[in-house]
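Inspection log for the structure reproduced underneath, given as structure tokens.
Each chain gets a letter, A, B and so on, in the order the sequences are listed, and its residues count up from 1.
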Amino acid sequence: MLRPDFIRDNKETILEGLKKRNINNPEILDLVISLDSKRKELQNESDQAQAFINSASKEIGALFKQGKREEAEGKRAAVGEKKTRIAELKTEAEEVRQKLEEALLNIPNVPHPSVPAGNTDEDNEVYQDWGKDFPKLHDGAQPHWELAKKYDIIDLELGVKLTGAGFPVYKGKGARLQRALISYFLDKANDAGYTEYIPPHMVNEASARGTGQLPDKEGQMYYVTEDDLYLIPTAEVPVTNIYRDVILDEKDFPVKMTGYTPCFRREAGSYGAHVRGLNRVHQFDKVEIVRIEHPEKSYAALDDMLAHVGGLLDELGLPYRILRLCGGDLGFTSALTFDFEVFSTAQERWLEVSSVSNFETFQSNRLKLRYRDANNKKHLAHTLNGSALALPRIVASIMENFQTPEGIVVPEALRPYCGFDIID
RNA sequence: GGUGAGGUGGGUGAGUGGCUGAAACCACCGGUUUGCUAAAUCGGCGUACUCUGAAAGGGGUACCGCGGGUUCGAAUCCCGCCCUCACCGCCA
């Protein structure tokens, strides 16, 4: 969420930025500015009326003690009038506040200058290409959902029996590979200086609002009505909210956190060939990295995160490319996002395995996550996060790219974690 | 699930209608003093919104779990909700 003051001071820049997202309704910015002015006006009048009541009340107390009843009664009447007026102002202010909130919720983050204009994923910029040959597969190579059956390591039908579509069951070496990847990713994050957390897998409404899942995206999350809790769609939600309502010192930067959690997504309305097998599921495992940074350092941090994620894929030996998302494809809350896609040779398509973003102050404004500078002034911090990495598509591409007639060869880096080097 | 106790500033904890944005202590920051450290001593030390000012700063309002009510006036009285802790029951 952008701040009204920021909108007031940077209207033209914001409009330019929003054009890249194909949003061209300048009137919403003016609406915010005028509602915010109205809000201030109402608050001023209300505060002044309250100030009158406060001082009058003290006088009334004194007058009663002195036995000046009549004078006191007169003041009491005056206080009564002000109270009526305050009630009116409060009602009006609440209406204005709601309208303002609604308008602000409809304004996405301002894209970073480097974000290319564009409408769809077709317009994303290839930031770093694979540039080498893709693996050559043997005759009879299969997509991962076939391999899953062949080697009996992932059972999608069993998931349907237990829960429903999109809840895979990992079995035997499939389960062990899953566990190995989680440990491997966490170890790498720890080595890179990220503090590991195991957060709750459900969050309350305040947390869901803090990172921007609510309002608006409630359809994406599983909701436990009985207890008013949401199953997390990503570790980003609980981990970032650790710093909700926190004021940091400059010396606390950088804050680097990592966490593994299962992620739950309803993915309502997405079915079809592209979501086969592990390509899109309702529950999956992911290791997330989250950073809280000084505004001047956040883009260097983003680069560092790209290098970290790229390093994981290099070590696994998976062919990948990095995309800089265009304005139309950029998430609502993000200023700049890079997607990592791994090439799945048997499917002959790129699969998104990581999304690394700088939210600048868009989340921290919601979270009330600030820091104090050397002059003791408070400013919003920058938040960033990235998948490092999301498992299912990594598993799919390992299966597909490293299949041989003898079995699926486990990448070198994972072998110490798996305890086996081939799935056959 | 049952019963009981309680939610006050970074922490402990006073405070039962006006003099309390809130004592005291601890922690923290700054000064003084002291071979160093420690101690002592003095001062400072919340957040949000807002007005004013070039700035430093100054003014107003709100906030003692959350929401509502009573009252000229509420941390203090009333109602609802949430949460925490303890014990019992159940249980990984």
Side-chain angles (χ1 to χ4, degrees), chain A residues 1-9 32-101 103-104 198-210 214 223-230 238 241-252 255 261-262 292 361 363-381:
Chain A
M1 200 153 67
L2 299 176
R3 286 165 298 124
D5 286 347
F6 178 78
I7 292 173
R8 193 186 296 271
D9 297 341
V32 165
I33 292 168
S34 73
L35 284 171
D36 189 50
S37 301
K38 186 70 185 165
R39 195 200 100 242
K40 290 181 184 181
E41 221 174 89
L42 292 169
Q43 176 164 1
N44 270 327
E45 194 185 338
S46 163
D47 280 0
Q48 278 172 33
Q50 188 64 50
F52 172 85
I53 292 177
N54 289 346
S55 68
S57 295
K58 282 186 182 160
E59 292 169 32
I60 290 169
L63 289 170
F64 271 124
K65 274 184 190 156
Q66 295 163 30
K68 295 180 180 167
R69 274 199 91 78
E70 271 177 40
E71 219 177 309
E73 291 299 340
K75 286 211 183 282
R76 249 154 95 155
V79 166
E81 277 173 36
K82 291 284 186 191
K83 278 181 80 170
T84 313
R85 180 63 188 146
I86 287 175
E88 289 168 10
L89 291 166
K90 287 254 164 78
T91 311
E92 205 180 332
E94 181 56 23
E95 276 171 33
V96 169
R97 196 198 60 74
Q98 275 177 22
K99 283 184 195 158
L100 180 60
E101 166 100 2
L104 287 170
I198 300 179
H201 299 168
M202 291 192 242
V203 293
N204 56 28
E205 189 185 327
S207 294
R209 296 188 82 86
L214 289 182
Y223 175 51
V224 183
T225 49
E226 187 69 14
D227 298 286
D228 204 16
L229 296 170
Y230 297 86
N241 270 281
I242 291 170
Y243 282 86
R244 171 156 47 86
D245 292 321
V246 167
I247 302 178
L248 296 162
D249 280 324
E250 269 185 311
K251 63 174 160 51
D252 296 329
V255 176
T261 68
I292 299 165
T361 60
Q363 280 186 332
S364 59
N365 187 35
R366 274 292 190 84
L367 291 160
K368 297 204 167 49
L369 197 189
R370 291 158 294 171
Y371 70 94
R372 240 183 265 278
D373 68 17
N375 298 317
N376 238 6
K377 294 273 184 220
K378 289 178 282 292
H379 309 275
L380 293 170

What does C36(B) pair with, Watson-Crick or G-U, if both distances are under 3.5 Å?
none
P-based separation of G17(B) from C91(B) [nearest Å]:
49 Å
Pairwise C1' distance, A75(B) and G15(B) [rounded to whole Å]:
8 Å
Separation of the C1' atoms in C64(B) and C77(B), to the nearest angstrom
16 Å
Once you apply the 3.5 Å cut-off to both distances, tell me the Watson-Crick or G-U wobble partner of U41(B), or none.
G31(B)
Using the C1' atom as the point on both nucleotides, what is the distance between G43(B) and U52(B), in whole Å?
28 Å
Within the 4.0 Å heavy-atom criterion, would you say Lys38(A) contacts the bases, only the backbone, or no part of the nucleic acid?
nothing
I want to verify a distance call: between U61(B), C72(B), A56(B), whose nearest atom is closest to the Lys83(A) side chain?
C72(B)
Under a 3.5 Å limit for both distances, which nucleotide forms a Watson-Crick or G-U wobble pair with U84(B), could you say?
A5(B)
Which comes earlier along RNA chain B counting from the 5' end, the contact point of Arg76(A) or that of Ile247(A), where each point is its nearest nucleotide?
Ile247(A)
Please determine whether side chain to side chain contact (heavy atoms under 4.5 Å, CB included) holds for the pair Leu100(A) and Val32(A), giving the CA-CA distance in whole Å, both sets of side-chain angles, and the decisive distance to 0.1 Å.
CA-CA 6 Å; Leu100(A) 180 60; Val32(A) 165; 3.9 Å; yes
G18(B) and C87(B): how far apart are their P atoms, nearest whole angstrom?
38 Å
Over all heavy atoms of both residues, which pair between Tyr243(A) and Leu248(A) is shortest? Give the atoms and the distance, please.
CE2-CD2, 3.7 Å
For A62(B), does OP1 or OP2 lie under 4.0 Å from any side-chain N or O of Lys90(A)?
no
When both distances are under 3.5 Å in a Watson-Crick or G-U wobble arrangement, the nucleotide paired with C25(B) is G11(B)
Send over the distance from Asp47(A) CG to U61(B) P, rounded to a whole Å.
8 Å
May I have the distance from Asp5(A) (atom CG) to A48(B) (atom C1'), rounded to whole angstrom?
13 Å
Residue Arg370(A), side-chain atoms from C-beta onward, closest of A56(B), A48(B), U50(B)
A48(B)
Paired with G57(B) by Watson-Crick or G-U wobble geometry, both distances under 3.5 Å: which nucleotide is it?
U52(B)
For the pair Asp249(A) and Lys251(A), evaluate salt bridge (Lys or Arg N to Asp or Glu O under 4.0 Å) and give the outcome as yes or no after the intermediate values.
CA-CA 5 Å; Asp249(A) 280 324; Lys251(A) 63 174 160 51; 3.6 Å; yes
I'd like to know if the side chain of Glu250(A) and the backbone of Ala374(A) have a donor-acceptor N/O pair within less than 3.5 Å.
yes
For atom CD of Gln48(A) and atom P of C49(B), their distance in whole Å
19 Å
Interatomic distance where NZ belongs to Lys251(A) and P belongs to C28(B) [whole Å]:
12 Å
Looking across every strand, which nucleic acid part, if any, lies under 4.0 Å from Lys40(A) by heavy atom: base, sugar-phosphate, or nothing?
sugar-phosphate
Distance check needed: G10(B) C1' versus Asp249(A) CG, whole Å only.
12 Å
OP1 or OP2 of C72(B) less than 4.0 angstrom from a side-chain nitrogen or oxygen of Lys82(A), does that happen here?
no
Need the pair for C63(B). Rule: Watson-Crick or G-U wobble, both distances under 3.5 Å, any strand; none if unpaired.
G46(B)
So do Leu380(A) and Arg3(A) actually touch side chain to side chain, heavy atoms under 4.5 Å?
yes
Tell me: NZ of Lys58(A) to C1' of U20(B), nearest whole Å?
10 Å
Tell me the interatomic distance from Gln50(A), atom CD, to A62(B), atom P, rounded to whole angstroms.
5 Å
With a 4.5 Å limit on heavy-atom distance, are the side chains of Ile292(A) and Leu369(A) in contact?
yes
When the P atoms of C78(B) and G57(B) are compared, how many Å lie between them, rounded to an integer?
43 Å
Between G53(B) and G60(B), how many Å separate the two C1' atoms, rounded to a whole number?
15 Å
Looking at every strand, decide which applies to Lys378(A) at a 4.0 Å heavy-atom threshold: base, sugar-phosphate, or nothing.
sugar-phosphate
Does Val96(A) form a side chain to side chain contact (heavy atoms under 4.5 Å, CB included) with Leu42(A)? I'd like the steps, not just the answer.
CA-CA 9 Å; Val96(A) 169; Leu42(A) 292 169; 3.9 Å; yes
Assign each of Asn54(A) and Ser57(A) the nucleotide of RNA chain B bearing its closest heavy atom; nearer the 5' end lies the nucleotide of Ser57(A)
Report which part of the nucleic acid Arg372(A) touches: base, sugar-phosphate, or nothing (heavy-atom distance under 4.0 Å, all strands).
sugar-phosphate
Distance between P atoms of A22(B) and G9(B) (Å, rounded):
15 Å
Does U76(B) have a Watson-Crick or wobble partner in any strand here, with both distances under 3.5 angstrom, and which is it?
none
At 4.0 Å (heavy atoms only), tell me whether Ala56(A) reaches a base, stays on the sugar-phosphate, or touches nothing.
nothing
